Amino acid sequence: VINCLLRLVDGGSRCAGRVEILHQHSWGTVCGDSWDLKDSQVVCRQMGCGEAFNAWLYAQVEEGSRPIWLTQLACTGEEAYLWNCPSLGWGKNNCEPYDDAGVICSGFVHLVGGHGPCSGRVEVNSGGEWIPVSDGNFTLSTAQVICADLGCGKAASVLGNLPFREDSEQIWAEEFQCKGQEPGLWFCPRVPCPEGSCPHRGAVQVVCSGYTEVRLMKNGSSQCEGQVEMKTSGGWRTLCASHWNMANANVICRQLGCGVAISTPKGAYFVEGGDEIWRDRFHCSGSESFLWNCAVTALGVPACAHGNTASVVCSGNQAQLLPQCNDSWSNTAGSAASEGHTANCSDSRQLRLVDGGSRCAGRVEILQQGSWGSICDDSWDLSDAHVVCRQLGCGVALEATISAHFGEGSGPIWLDELNCIGEEAHVWQCPSQGWRQHNCSHKEDAGVICSGLWCTLCTGGVCHSPMEAVTLSVICRQLGCGDSGTLNFLVPLRKGSRPSWVDGIRCRETDSSLWQCPSDPWKHQSCSAKEEAHITCTGTPQVRLMDGGSRCAGRVEIFQKNSWGTMCDQGWDLNDAHVVCRQMGCGVALDAMGYAQFGEGSGPIWLEELKCTGEEDQVWKCPTGRQHYCLHVRDAGVICSGFVRLDGGGGPCSGRVEVNSGGGWTPVPYRNFTLLTAQVICAELGCGKATSFLLDLPLKEASEQVWAEEFQCKGWEPELWFCPRVPCPAGSCQHRGAVQVVCSEYTEVRLMKNGSSQCEGQVEMKTSGGWRTLCASHWNMANANVVCRQLGCGVAISTPKGEYFVEGGDEIWRDRFHCSGSESFLWNCPVTALGVPACAHGNTVSVVCSGKTAPEPSHSLCKYSRQLRLVDGGSHCAGRVEILQQGSWGSICDDSWDLSDAHVVCRQLGCGVALEATVSAHFGEGSGPIWLDELNCTGEEAHVWQCPSQGWGQHNCRHKEDAGVICSEFLALRLVSKDQECAGWLEVFYNNTWGSVCHSPMEALTLSVICRQLGCGDSGILNSSVPLREGSRPRWVDGIQCRKMDTSLWQCPSDPWEQRSCSAKEEAYIICSGNRPKSCPSTVPCIDKEKLLLRGGDSECSGRVEVWHEGAWGTVCDDSWSLAEAEVVCQQLGCGSALEAPGEAAFGPGNGSIWLDEVQCRGREPSLWACAAAPWGQSDCKHEEDAGVRCSGTSSASAPVPGIFSLPGILCMILGALLFLVLIILGTQLLSWRAQHQVSGSSTYFLFSEPAGQHADATSNSYDDVEELPVSEIPSSSGMKEKNFFPEEGGGARCSQTGMWIAISPVVLHYCHGKDGFGHVKEPFSFITRI
């Protein structure tokens, strides 16, 4: 079975349309009867089209033209192929009243985070999850296929090395190798990444554009002068000369490598017969690299006059030297030559408006002498502003703003005291005091609002024709109101009069704002009042917290149906509050408050009796209970955990500064961000002090919003929330990126000798507890070199132990630093503290540096100029061996590589002894030079480069022969469990042996560090109810006490390593928040079968029943447990039929929760969860009552094994046989009495063994109306009520009419031999009574 047997047609793309299947060499459709999202999900997955957005119905194709292959599909959504779903069967249908089935899928690829669907980070869909594609080996050909696949034209640019949203974010494990001609990314060749992990520097961003090439055409050939033509998806188009200027022309000349623009003659190179002139207007500043990087408008632009095409004359490949500008304003007229000179001079300057949210509003800036500068507002008025608006093609001036209305600029203030008459072509032609002649500051910067696009000040309606889905999407996205919208035709007409500015708006996929969308020209009345557009954007309902003093605390209010309302506190608890806090990006709930503690709200009370689990992503998705009569005196409130966080730094104490805003975390702009603000953040988070902050980090997405305020902390505020803030001008902060803060327990380092800090002495480091000395154990010259460099003291000469020790200090700090020698700061080196013992008295680190001026190199210093490291092994004590030599890191060849060589490496790095010398690039292939080959160490050398070898760079190897090593101090971490991911016994790999970890004291912070390191969520709990582990193993370490700034367990202080650090009952069993069964795939929810297992039995199909719920396995109580429940379990597990349903912990008592009690099944349920039962976790049982099952071990329906009702069936057969014998005896007696007595007629017996139609009459005082019925005369339901000992429901089998009937009025007994609904042989016994 292959994907080409399935297709989607008539939907406009490969991933949308009518579902068609190729079967028996003919394409046919699927009936829409019962068609739903689960069926659609199977189609989308099979087609490689992501997830299903909609289950669609299409009008049937012409009757008889196509077969209808499948009808009444009942997919679960998990099937691999559509034809694996239950249905009526191939070609069987009753589909006359129904339409054909169709589907709209999400697609396999999308671009996210750009300015629309045609730009952003490349992500592909797998199982409903969008996964980024790495930038490793990503090519322009692949980008072209993606843009074409999305209907977005061609790729204009590809940007790699984008930061991932999270450090642990999964990336797509294949490389796409598109040739460029594939119809979609799905069809491109792919190469799996080595070991499932693609080499990368980050994610990749693609920008598609409707414009892909530009040229200047003269006499049919492309040159450096001619008519401007641009290539779009529709072919080559000429551009309109209206609003075309020298700034645009300069961009084209630069892009084509044709120097600078000389002139822009309109229509000079026009050629008849081309397509309609393209109306899009480009608004370049002149500094752009490509014409399509300029701002573009098309809204309201009229058709271009015939022949009015843009042309450009460039200076040629050698840039022409332009004449110097005459700054004198006295010459207002001159010769033709001087006019040409002035025109050229004027056009070498540029003009723009910035920080106004549009190119037609903002602070006025001029590019002069290579620098952008502003204009002072002295004498600034509408006449001056008119010149600016006209020059920029932005209509007329509506307002001339002063006092830095759009924020203060930077750079020079070019002009002051302008006195324009309003008719000048360029603002610098207006009289002024001269260039840079002013007495102003930037708080007096002038601005302007033009009529061109600033529609909030020229407000009017917009007409709704045609307003297709893509246009509505562009509008809603531009307004920040979701990704789609609908037109509402039911609203009443608006009162009052206003302009109806524009109609016929037709946005394209590549348009990122309404201004870029083509339309009819601007008119004062483009349509009637009833045609004005009323749009409802499909953004989700909103939630907010009011009157709590911060955005993350207060009364809970929800906006829906155009009204803010509150929530009732009936049933309000922390689970409900957690959902609110998470939804608002405010961390977790600290308190769930009721009785209007934040004041009474107003409006409707939208929700009450919430029953959230705490895992929902939106509060309105929580189940609700019955409605109460609730008043605002019962309004619910919440206090959430926080306003600020550091994200993406490997722990809570480093990363990008983000604050809570609306429904998510928003980065803080780096403009005016200070060290004092960083100090407040670190103190608030309990992370020590700020050691560094890094500005201008790239935003995660090109369109990512930044916080619209600047924080101006003084340093003493308790939290960032309390710092003074300054709103950014016009609500938008100037920035080029985000800001990253690194907090550290370590903040300063010094060398102390005789009580003063010098370039030699005892190493001391400042922590939150004061100045601490460091232990000399494992200290080496690489660490010392980092200290000397950090202090500006040259290089390290020696590290004498304890030489400068001073009595009376605090306990010696035990943290060990493992520097490579190239770090800028000591705290940038890897650190370990786990298992490190207390330091011997006086054994403190000292360093002697060369001093402020480094000494002449000597042989003793030469060996220290080289460095050694192990990489790609997950630890500083395991990995590929690399040496820094002559400024380049390189590897060692594995020829003759053995443990003796490896011992030298481990000893040199302070990593103990070598456990293994790996070869054949065990830790991956390196890059750069291969420095050494054929090493022959004795094992006693101090440095690996002192071992005999062939010499530096002398080898005959490739990187597939790179040598590696695993040292005895290599550490690894895991959770051991048979059936769970992210839960189990905590073990560390130390001294070449896995051993357990002791749980004392293991506080929440330590558990969080462990779970985060394992990629298992951000928190965890200790489970003390598990039974003791079997077997013996080392119990390596106890007393682990992680600190908030620790990013791995290895950095956490603890007791020293010991073989027996605690007793067996103190071994740590941890359940992390990311826990799930091992049977579940990692990317989709568990299915029912994966949430059920049997333990303790002698086979896979027998044992104690355990179910998965709320992240943990638990048992089922044996109350009401019978073969009916056992049958459901066996069938769910694919283990055939139930043989036994033992209780009383027959397979041993379980542990943990008892999840289910009083389970009552009928026997035919699809899973145990479909059976009636007490609420989850509510039980009065102990584990001595755990239920079990023993199944037949086969799901075959043909095997004559005892079924679910075998025991009652046997009993009934025995009773039936006895009753049958009694009736035979009675019948015989009646026959013998026939000759002796006259028939009285009140009782009749019947035996089926007699021929049909014959009757045996007998007289008795004990029986009435005994009669004989033939087999063909089974009593009808109209006169009988049937009572079966084995009730038949749904698809259960009924007894055939070939059984034996015995009638004793008013009862008819029926004994038969047949099969039940499971295919098991049954011998039921029933009776029918007369009604």
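What you see is a predicted model, and the numbers here were worked out from it, not measured in a lab. If you read the sequence from its start, that first residue is 1, and numbering goes on from there.
- Using cut-offs of 30° and 60° for the angle between ring planes, the Trp1176 and Trp1169 rings count as tilted.
- With values rounded to the nearest 0.5 angstrom, Ile1071 atom CD1 is found 4.5 Å from Ile1021 atom CD1.
- Around the CD atom of Glu468, the shell of radius 6.0 Å holds no more than 12 heavy atoms that belong to other residues, nucleotides or ligands.
- Paired with Pro667 under the rule side-chain contact (heavy atoms from CB on, under 4.5 Å), one option of Val739, Val706, Val659, Val657 passes, and it is Val706.
- The SG atom of Cys640 lies 5.5 Å from the CG atom of Leu545; values are rounded to the nearest 0.5 Å.
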Verdict with supporting geometry, Arg555 and Asp547, salt bridge (Lys or Arg N to Asp or Glu O under 4.0 Å): CA-CA 6 Å; Arg555 181 178 59 256; Asp547 300 332; 3.0 Å; yes

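- SG distance check for Cys49 and Cys44: not under 2.5 Å.
- Ion pairing of Glu616 with Lys621 is absent here, as no side-chain N (NZ or NE/NH1/NH2) approaches a carboxylate O to less than 4.0 Å.
- Within the 4.5 Å cutoff, no side-chain heavy atoms of Glu608 are placed close to those of Thr624.
- Note that CD of Gln597 is 9.5 Å distant from CG of Asp569, once rounded to the nearest 0.5 Å.
- Of the inter-residue distances, the one linking Glu531 atom CD with His464 atom NE2 reads 5.5 Å to the nearest 0.5 angstrom.
- Contact of the Leu610 side chain with the Gln570 side chain is not registered, since no non-hydrogen atoms from C-beta on lie closer than 4.5 Å.
- Disulfide criterion (SG-SG under 2.5 Å) for Cys1016 and Cys1072: not met.
- For the cysteines Cys463 and Cys527, the sulfur (SG) atoms lie within a distance shorter than 2.5 angstrom of each other.
- Checked against Cys517 for a side-chain contact (heavy atoms from CB on, under 4.5 Å), the options Ile475, Asp511, Thr471 give a single hit: Asp511.
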